[in-house]
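One structure is given below, encoded as structure tokens.
In the text below, chain A, chain B and the rest are named by the order of the sequence lines, each starting its count at 1. Since this is a predicted model, take the numbers as computed values, not measurements.
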Number of protein chains: 2
Amino acid sequence: MAAIGFCAHDHTACVADLMAHARAHCEKEGLKFTPVRQRTLEILLREHRALGAYDLLAQLADEGLGSQPPVAYRALDFLVKAGLAHKIEALNAYIACAHSGTDHSPAFLICRGCKAVAEADTAMTSGRLGDAARAAGFQIEHTVVEARGLCPSCQEPAR
Amino acid sequence: MAAIGFCAHDHTACVADLMAHARAHCEKEGLKFTPVRQRTLEILLREHRALGAYDLLAQLADEGLGSQPPVAYRALDFLVKAGLAHKIEALNAYIACAHSGTDHSPAFLICRGCKAVAEADTAMTSGRLGDAARAAGFQIEHTVVEARGLCPSCQEPAR
DNA sequence: AGCAGGCATGTTATAACATATCAATTCCTT
DNA sequence: AAGGAATTGATATGTTATAACATGCCTGCT
């Protein structure tokens, strides 16, 4: 399964790595990385794709970590606010951040073929959106930058 | 209320203008600009802000043009496909296109203070997103570019 | 120890957004 | 007039998200 950047990688290591990073980040920021939150991030990392809140909830429920929607939404809110996960607005789904827990303005490439989502990084105030905002005197707080289309692998069959 | 571009304008003329444009566009493309669809666009234009499907539906129902969700969603789908309206993914809401019915890749500035939405225009393949897509070999079909923040007027009170 | 305050969680219910399906109608073409 | 495609009407349901309120669980204070 192609996912991050549409290419294979050592996924076990990648999960462990990002979990350790998340733990360190929460420690440093004084955030409580509770069992539900850890498990939520682990699931997102392991799946390595955009997951709906209810998909996630089902997996949490399997493990006895709560079965009601607010459980999933609270955990996801926490992760998103902490910069450990992102919401893909075009899919109403959530995905683990592919980078560190640092503040950044992600951009996503969403393949309609294999549903893979790649995270790129942009600077919030750069590019066309930044230009438009400056011209209008608009003060940007958060950006949603997403592209739907076909990843390299999924372009083949269509030919 | 400041809305498009966060500035005042002759709204009556603007509605009439864009309706005429939409009519011409549908004529040219062989699209059926039916009463429900016309009324939907008129409502979006008149409100001049992002409207939820159910808000819109309520207004259609007031006029006896259907009261069930599919009525609103069909009309909105038509307008979106025709390039006469856009969906704001970050709000799950719809807004009339501020430009012509031509194909374009809009970007939106969404004020969290007054809920106004300004539409800017970008080129789909330009800017950071285009760069990232090219680097990944990703073929973009549609872009979602939205910024949340504060418009010029709404920045004042906070100071 | 006892308790107050804050945060996380549990639980129920419901709001808000969106689509599947099938029947009925219209309108255009043959 | 018959056939076919698109539109509309209507019912039901699926999916995503939050409100509201109760409970537990640390932590710091007296």
- Note on the structure: Testing D:dA12, D:dT8, C:dA13 for proximity to the side chain of B:Pro69, the answer is D:dA12
- Query: Is a donor-acceptor pair below 3.5 Å formed from side chain B:Tyr54 to base C:dA15, judging by atom type as modelled?
  - Reply: no
- Could you tell me the separation between the CD atom of B:Gln38 and the P atom of D:dT8, rounded to a whole number of Å? 11 Å
- Query: Are A:His86 and A:His99 near enough that their ring centres are under 6.0 Å apart?
  - Reply: no
- Message: Taking the minimum atom-to-atom distance to the side chain of A:Arg74, which one of D:dA10, D:dA12, C:dT9 wins?
- Response: C:dT9
- Distance-only polar pair, side chains of A:Arg23 and A:Gln38, donor-acceptor under 3.5 Å: yes
- Once you round to the nearest 0.5 Å, how far does CD of B:Gln59 lie from CZ of B:Arg46? 9.5 Å
- Nucleotide nearest B:Thr34 (side chain, heavy atoms from C-beta), chosen from D:dT18, D:dT8, C:dG10: D:dT8
- Item | Rounded interatomic separation in angstrom, taking CG from B:Asp55 and C1' from C:dA15 | 13 Å
- Query: Within less than 4.0 Å of OP1 or OP2 of D:dA17, is there a side-chain N or O belonging to A:Asn92?
  - Reply: yes
- 5'-most contact on DNA chain D (nearest-nucleotide basis), B:Ser67 vs A:Asp77, goes to B:Ser67
- Roughly, in whole Å, what's the span from CG in A:Leu57 to P in D:dT18? 14 Å
- Item | Per A:Pro70 side chain, nearest of listed nucleotides C:dT9, D:dT11, D:dA19 | D:dA19
- Item | side-chain N/O B:Arg37 vs D:dT7 OP1/OP2, d < 4.0 Å | yes
- May I ask you to evaluate whether A:Lys87 reaches the phosphate of D:dA17, defined as a side-chain N or O under 4.0 Å from OP1 or OP2? yes
- Task: Starting from C1' on C:dA13, measure out to CD on A:Gln68 and report it in whole angstrom.
- Result: 10 Å
- Query: Where each residue is assigned the nucleotide of DNA chain C containing its nearest heavy atom, which of B:Lys32 and B:Ala93 is assigned the position nearer the 5′ end?
  - Reply: B:Ala93
- Hey, does A:Phe78 reach any base, or is it just sugar-phosphate, or nothing, if we go heavy atoms under 4.0 Å? nothing
- Whole angstrom is fine here: how far is it from CD in B:Glu89 over to C1' in C:dA18? 12 Å
- What is the distance, rounded to the nearest whole Å, between atom CG of B:Leu31 and atom C1' of C:dC28? 15 Å
- Salt bridge A:Glu89-A:Arg148, side-chain N to carboxylate O under 4.0 Å: no
- Could you tell me whether A:Arg134 and A:Asp131 have a side-chain N and a carboxylate O separated by less than 4.0 Å? yes
- Phosphate contact (C:dT9 OP1 or OP2) by A:Tyr73 side-chain N/O below 4.0 Å: no
- Between C:dA15 (C1') and B:Leu91 (CG): distance, integer Å: 17 Å
- Query: How is A:Phe33 classified with respect to the nucleic acid when contacts are heavy atoms under 4.0 Å: base, sugar-phosphate, or nothing?
  - Reply: nothing
- Message: Without decimals, in angstroms, what is the distance between A:Leu76 CG and C:dA8 P?
- Response: 15 Å
- Query: So if you build clusters from Ile, Leu, Val, Met, Phe, Trp, Tyr with side-chain heavy-atom gaps below 4.5 Å, do B:Val144 and A:Ile88 land together?
  - Reply: no
